[in-house]
Amino acid sequence: MKSNYAVMKAELCLERQGFFVGRKQLETVKKYTEKYMLEKTYNPTTFEHDLYYFWMKQGYFTPKAEIGKPYFSIVSPPPNITGQLHIGHGLDNAIMDTIVRFKRMQGFNTLWLPGTDHASIATEVKIVEQLKKEGIDKRDLGREKFLERAWQWKEQYGGRIVEQLKKLGSSCDWSRLSFTMDEKCSEAVRKQFVSMYKKGLIYRGNRIINWCPVCKTALSDAEVEYSEQDGYFWHYGYTTSDGKTTVTFATTRPETMLGDTAVAVNPNDPRYTHLVGKTVIVPFVNREIPVIADEYVDMEFGTGVVKITPAHDPNDFEVGVRHNLPVIRVMNDDGTMNENAGEFAGLDRYEARKRIVARLKEMGILQKVEPHKHNVGSCYRCHTTVEPIVSKQWFVKMQPLAEPAIKAVRDGEITFHPERFAKTYFNWMENIKDWCISRQLWWGHRIPVWYCEDCGAEICEETDPTVCPKCGSEHIHQDEDVLDTWFSSALWPFSTLGYYRGSDDFKAFFPTSVLSCGYDIIFFWVARMIFSSLYATGQVPFRHVLMHGIVRDEQGRKMSKSLGNGVDPVEFIDKYGTDTLRFALINGVANGSDIRFAPDKIDGTRNFMNKVWNASRFVLMNAEGKALVPLDECKLTLADKWILTKLNDAVQTVTELLEKYELGMASQTLYDFVWSEFCDWYIEFTKPVLYGTDEIARRDTLSVLCYVLDEILKLLHPFAPCITEEIYQSTPNHGESIMIARFPEYDQAHCFADDCNLVEELKELVTKIRNIRSEYGVAPSKRIRLYVAATDERIRQCDVYLTKLCNLEEVVFESAPAGDKTVKAVGTAATCEVPLGDLVDKDKEIERLTKELENVNGEITRAESKLSNPGFLAKAPAQLVENEKAKLTKYRDLKAQLESRLGELK
RNA sequence: GGAGGCAUAGCUCAGUUGGUUAGAGCGCUCGCUUCACAUGCGAGAGGUCGUAGGUUCGAGUCCUACUGUCUCUACCA
């Protein structure tokens, strides 16, 4: 059958050879498509790219917005435009594509919406670096020119990452590609901000925020990373104004003393009660400050005295508010000391620290220096130590937003996979502080607030004002700051679907079905999407959250640039293909756990793909040019019934697992089914028929082979899209594309439990006979005779299988002649005798059978003790008891056989 | 300080409402150019499921404590 894919492939092939494809080439194309067959070796690079082109061209990725139709939708976590594809994206996309392809094949109207993130601070840092190399300072360039550069950057790098994502084979709808700063998303940001502002959920205020002196911007709490560092405790004190005593404390940041406005003790601390209300003098700045009493001070810790710097410490700030203390900032935005620092003004914060310590020592004030490990916060972008600084910033009031967000998860409107991440979520949401959303940057959504220079009014509307609505003044200016990049990401599920424009996409695909991302961005992103969506749309943004872990290297280390242990997905795909990458990342991995991406695993996966390829070649080579019939017209063999039953089991298991988003187990099920059942056994079972002379039997077996292969390809397609499509296009009677084929469904007509059991018994016998051959060193090429005493008469149907799989010259269904020296294989369905003549070693045989008997005895003991337990009989499910009884019977039979054989030998 | 994860074969890890003789890959041993595949085939060795209790007819799985280990979170100056 000529397919669109084959035609396209032929066209591409001709084009590459420099041909123009027109009517004249039709004959050539025809010739090519008729002969189109699988290449001899699996070489993914020869077809993956073409396949993707084909899918795109066919428009399979682009659903129509059909309101009311059963849908399945995912919005991609938008990668930053700063970056390039890394293995984490590979994992993310592998997971999403697997789910999306599965749902699409199940018939859902499926949308996977991709996009990129402007990544305000991250991108700005990069551009500033780039400018620096050119000797340009951001300030000199000016805001407007800088933004031009930024948009250029976006075009260049945003485009690059999209191209790289396509290499993964992701079936996302590129026609709906979004960007956090495109018109649609910016509009959503504006409307959301204005709405929240008007409801009082966004406010401006003086608070302690985390300040990055290099990026020169405020950061949210989530953007600060803490790490333990070696520091010191400097012990010294301030003398009371009357000069009588000195109150001693310890500090890790002596430079902040210049901004001290009090010294605090615990009100219940008898050591200091007499000092409360007195004043002390801060050296260098000679400021007289009070000794105050506040519960915040821990009497047990240090000396029980704390110096209070409201402008540079969050706790001190709170204390300052309670006691109405002055707030004195001693640092500039770049981390140098300001004019309030007296003689230290102008020095870098660390230089000032050094000098202050030296001066304290000189003055004899410093009493003790102690090494001290403490946690220091640093900027998540540039890793500079952040400085807590009091500053006027914009905040989102979190309490009213957190409550419904907690409720939605508690009520099960959103489910986390695995569940434990809900706890992490609650933990954070329940202790959340207001979110600082203003950034002193240029690249991003500018805060839509204008200030009137004449009347001081604050103007926040959906459209830009030209005059002050209060006093009519034209002297208004917009806030200089931009929004935290996560503010726009938080709207992503509904901004991209056009919620604020009332678009059909939103009506057809919202709430989205699943969100898939790494657990490292629960706080940054997942939590914020939930409360933002509940606020804006009144609905949850997604029903399920599927969390995955971090991809690590062979030794379990995080992949990082500095370690140079990262795997470049693009290079990897060029070498192994995307199917191997994806499968290796998913197969056998439990949700939410980190993944070790080791060479072993890669080889194993590549080998599996190769296995699939070659098994398919086996089927297709044999089927080539042969007539096939539908299954219900076939006379099914025992092996056929067995594989169909096993396939049915696989279909059921895989579907159930995929529906629960257990991708790792689903793919493992397929891996085992394909390799250990289909390849290792079924293909071998078919060989006697395929190489036999019965034409009808051959036709029927081929029909089953092709059917099972087809089903396998479809089951495997979500996990390994390319190889499955490539093979599918070569199967007889295939459809247009496997992507749009129906996902296999459980089929009651293909359930043959009894035959299936018989084959399992056959397999058991085969293994035992092979074991004997191996143990006795019978050359694999040597054909031997086998005597079979059947305990299950049906085993007589299996002579061809036994002959083939054990390499026999003959199967005789009777006991071996009395004089023959044989070795016995005792199985459930039969006892087989392998005549080995002088090879038979009596002692070895006794040893072998005794060991087997011990095993069987162990089983009998176990089963008997279970069955003699009244509690088990009374409470265990009936089926389980029945199974146990059947087993006991079986093992008793085996025991009898083994004992009789041992008796003969002795 | 708070929360959570993990501990199963030599290594890396599966094991979802408790229920066959606890699995896989790699590694290891032995044997095979068997006409889809040596990126392969066949056979095999290897685990008292971290420790101690408890619940149960039944525990790798549930509960408690402990030990070791990792992560997140808080930020006691």
Side-chain angles (χ1 to χ4, degrees), chain A residues 40-42 221 226 233 249-253 256 264 296-298 300-303 305-309 313-316 374-377 388 418 420-421 423-424 426-428 431 519-520 522-523 549-550 554 556 587-596 598-601 603-622 656-657 660 662 664-665 668 671-672 676 679-680 683-684 687 691 766-767 770-775 777-781 804-805 807 855-856 858-859 862-863 866 869-877 879-880 883-884 886-887 891:
Chain A
K40 196 166 180 188
T41 50
Y42 168 58
D221 294 341
Y226 289 89
F233 246 152
F249 47 79
T251 179
T252 55
R253 295 187 298 157
T256 61
Y296 155 68
V297 181
D298 180 356
E300 311 296 321
F301 190 84
T303 61
V305 181
V306 184
K307 62 187 244 348
I308 301 296
T309 325
D313 182 280
N315 292 305
D316 292 7
H374 61 150
N375 274 333
V376 177
R420 71 183 127 91
F421 286 105
K423 286 183 197 167
T424 313
F426 290 134
N427 209 5
W428 191 71
N431 299 297
Y519 59 69
D520 50 335
I522 292 184
F523 308 130
I550 294 164
E554 201 177 356
N587 192 34
V589 173
N591 284 339
S593 63
D594 289 351
I595 297 162
R596 219 170 272 236
D600 271 359
K601 204 167 180 180
D603 287 343
T605 312
R606 192 256 329 256
N607 295 353
F608 175 65
M609 294 302 157
N610 189 58
K611 191 78 183 171
V612 170
W613 187 264
N614 280 298
S616 304
R617 276 184 59 228
F618 171 81
V619 175
L620 298 177
M621 280 164 61
N622 281 288
E656 279 171 11
L657 287 169
K660 287 192 280 184
E662 293 282 356
M665 281 166 78
Q668 187 71 57
Y671 180 100
D672 292 340
S676 313
C679 294
D680 287 351
I683 284 186
E684 297 307 317
K687 283 179 180 173
Y691 302 147
V766 168
T767 302
R770 283 169 170 174
N771 183 354
I772 288 168
R773 290 187 63 127
S774 179
E775 294 250 315
V778 180
S781 54
K804 167 72 180 134
L805 298 177
N807 197 22
N855 275 335
V856 171
E859 285 312 305
R862 194 193 49 77
K866 264 193 172 179
N869 181 339
F872 178 74
L873 293 172
K875 295 187 181 178
Q879 186 60 54
L880 208 65
N883 289 349
E884 210 56 48
K887 256 185 282 171
Y891 287 120

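Chain naming here is simple, since letters A, B, ... match the order of the sequence lines and numbering starts at 1 in each. Nothing here was measured: the structure is a model prediction, and the numbers come from that model.
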Would you confirm whether [X], through its side chain, and [Y], through its main-chain N or O, come within 3.5 Å as a donor-acceptor pair?
{"X": "R617(A)", "Y": "T41(A)", "value": "no"}
{"X": "N622(A)", "Y": "F618(A)", "value": "yes"}
{"X": "N771(A)", "Y": "T767(A)", "value": "no"}
{"X": "D520(A)", "Y": "I550(A)", "value": "no"}

ask   = Are K611(A) and Y671(A) in a cation-pi setup, meaning NZ or CZ lies under 6.0 angstrom from the ring centre and within 45 degrees of the ring axis?
value = no
ask   = Hey, does the side-chain of N375(A) have a donor or acceptor N/O within less than 3.5 Å of a partner on the base of C75(B)?
value = yes
Which part of the nucleic acid, if any, lies within contact of [X], taking any heavy atom under 4.0 Å across all strands shown: a base, the sugar-phosphate backbone alone, or nothing?
{"X": "A615(A)", "answer": "base"}
{"X": "E656(A)", "answer": "nothing"}
{"X": "T767(A)", "answer": "sugar-phosphate"}
{"X": "D313(A)", "answer": "sugar-phosphate"}
{"X": "P314(A)", "answer": "nothing"}
{"X": "D672(A)", "answer": "nothing"}
{"X": "A874(A)", "answer": "nothing"}
{"X": "S781(A)", "answer": "nothing"}
{"X": "I522(A)", "answer": "nothing"}
{"X": "N771(A)", "answer": "sugar-phosphate"}
{"X": "K601(A)", "answer": "nothing"}

note = The salt bridge (charged side-chain N to carboxylate O under 4.0 Å, His left out) partners of K601(A) (sequence neighbours excluded) come to none
Would you mind telling me which of [options] lies closest to the side-chain atoms of [X]?
{"X": "E684(A)", "options": "A77(B), G25(B), A36(B)", "answer": "A36(B)"}
{"X": "F233(A)", "options": "A36(B), U20(B), A77(B)", "answer": "A77(B)"}
{"X": "N607(A)", "options": "G40(B), G25(B), A77(B)", "answer": "G40(B)"}
{"X": "F523(A)", "options": "G19(B), G25(B), U73(B)", "answer": "U73(B)"}
{"X": "S774(A)", "options": "A77(B), G19(B), G42(B)", "answer": "G42(B)"}
{"X": "K875(A)", "options": "C57(B), C72(B), C37(B)", "answer": "C57(B)"}
{"X": "P780(A)", "options": "G4(B), G31(B), A36(B)", "answer": "G31(B)"}

key: Which nucleotides of RNA chain B pair, in dot-bracket form (Watson-Crick or G-U under 3.5 Å, | meaning another strand)   = (((((((..((((.....[...)))).(((((.......))))).....(((((..]....))))))))))))....
How far does the [atom1] atom of [N] sit from the matching atom of [M], given to the nearest Å?
{"N": "G4(B)", "M": "A22(B)", "atom1": "C1'", "value": "27 Å"}
{"N": "U20(B)", "M": "U12(B)", "atom1": "P", "value": "28 Å"}
{"N": "G25(B)", "M": "A9(B)", "atom1": "P", "value": "16 Å"}
{"N": "C11(B)", "M": "G50(B)", "atom1": "P", "value": "14 Å"}
{"N": "U16(B)", "M": "C63(B)", "atom1": "P", "value": "14 Å"}
{"N": "G60(B)", "M": "C13(B)", "atom1": "C1'", "value": "15 Å"}
{"N": "A77(B)", "M": "U8(B)", "atom1": "P", "value": "37 Å"}
{"N": "C62(B)", "M": "U56(B)", "atom1": "C1'", "value": "10 Å"}

Taking atom [atom2] of [N] as reference, at what distance in whole Å does atom [atom1] of [X] sit?
{"X": "N610(A)", "N": "C41(B)", "atom1": "CG", "atom2": "C1'", "answer": "14 Å"}
{"X": "F608(A)", "N": "C41(B)", "atom1": "CZ", "atom2": "P", "answer": "12 Å"}
{"X": "Y226(A)", "N": "U73(B)", "atom1": "OH", "atom2": "P", "answer": "10 Å"}
{"X": "Y519(A)", "N": "U73(B)", "atom1": "OH", "atom2": "C1'", "answer": "14 Å"}
{"X": "M621(A)", "N": "A36(B)", "atom1": "CE", "atom2": "P", "answer": "6 Å"}
{"X": "K423(A)", "N": "U73(B)", "atom1": "NZ", "atom2": "P", "answer": "18 Å"}
{"X": "I772(A)", "N": "A43(B)", "atom1": "CD1", "atom2": "P", "answer": "13 Å"}
{"X": "E775(A)", "N": "A45(B)", "atom1": "CD", "atom2": "P", "answer": "8 Å"}

Examine [N]: is either OP1 or OP2 under 4.0 Å from a nitrogen or oxygen in the side chain of [X]? Give yes or no.
{"X": "K866(A)", "N": "G19(B)", "answer": "no"}
{"X": "N427(A)", "N": "G2(B)", "answer": "no"}
{"X": "N869(A)", "N": "G58(B)", "answer": "no"}

query = Rounded to the nearest 0.5 Å, what separation is found between the CG atom of L880(A) and the NZ atom of K866(A)?
reply = 6.0 Å
ask   = For nucleotides 6-17 of chain B, read 5' to 3', which letter fits each nucleotide if B means a protein heavy atom sits under 4.0 Å from the base, S means only the sugar-phosphate is that close, and - means neither?
value = ------SSSSB-
Report yes if the side chains of [X] and [Y] come closer than 4.5 Å at any heavy-atom pair, otherwise no.
{"X": "D313(A)", "Y": "R253(A)", "result": "yes"}
{"X": "N807(A)", "Y": "R773(A)", "result": "yes"}
{"X": "E554(A)", "Y": "D600(A)", "result": "no"}

inquiry  = Does Y519(A) form a side chain to side chain donor-acceptor pair (under 3.5 Å) with D594(A)? I'd like the steps, not just the answer.
reply    = CA-CA 10 Å; Y519(A) 59 69; D594(A) 289 351; 2.8 Å; yes
key: 5'-most by nearest nucleotide on RNA chain B - H374(A) or A779(A)   = A779(A)
inquiry  = Please compare K40(A) and Y296(A) by the position of their nearest nucleotide in RNA chain B and report the one closer to 5'.
reply    = K40(A)
Short side-chain donor-acceptor distance under 3.5 Å, E859(A) and N855(A) = no
request  = For the pair W613(A) and Y42(A), name the ring-plane relationship: parallel under 30°, tilted 30 to 60°, perpendicular over 60°.
outcome  = tilted
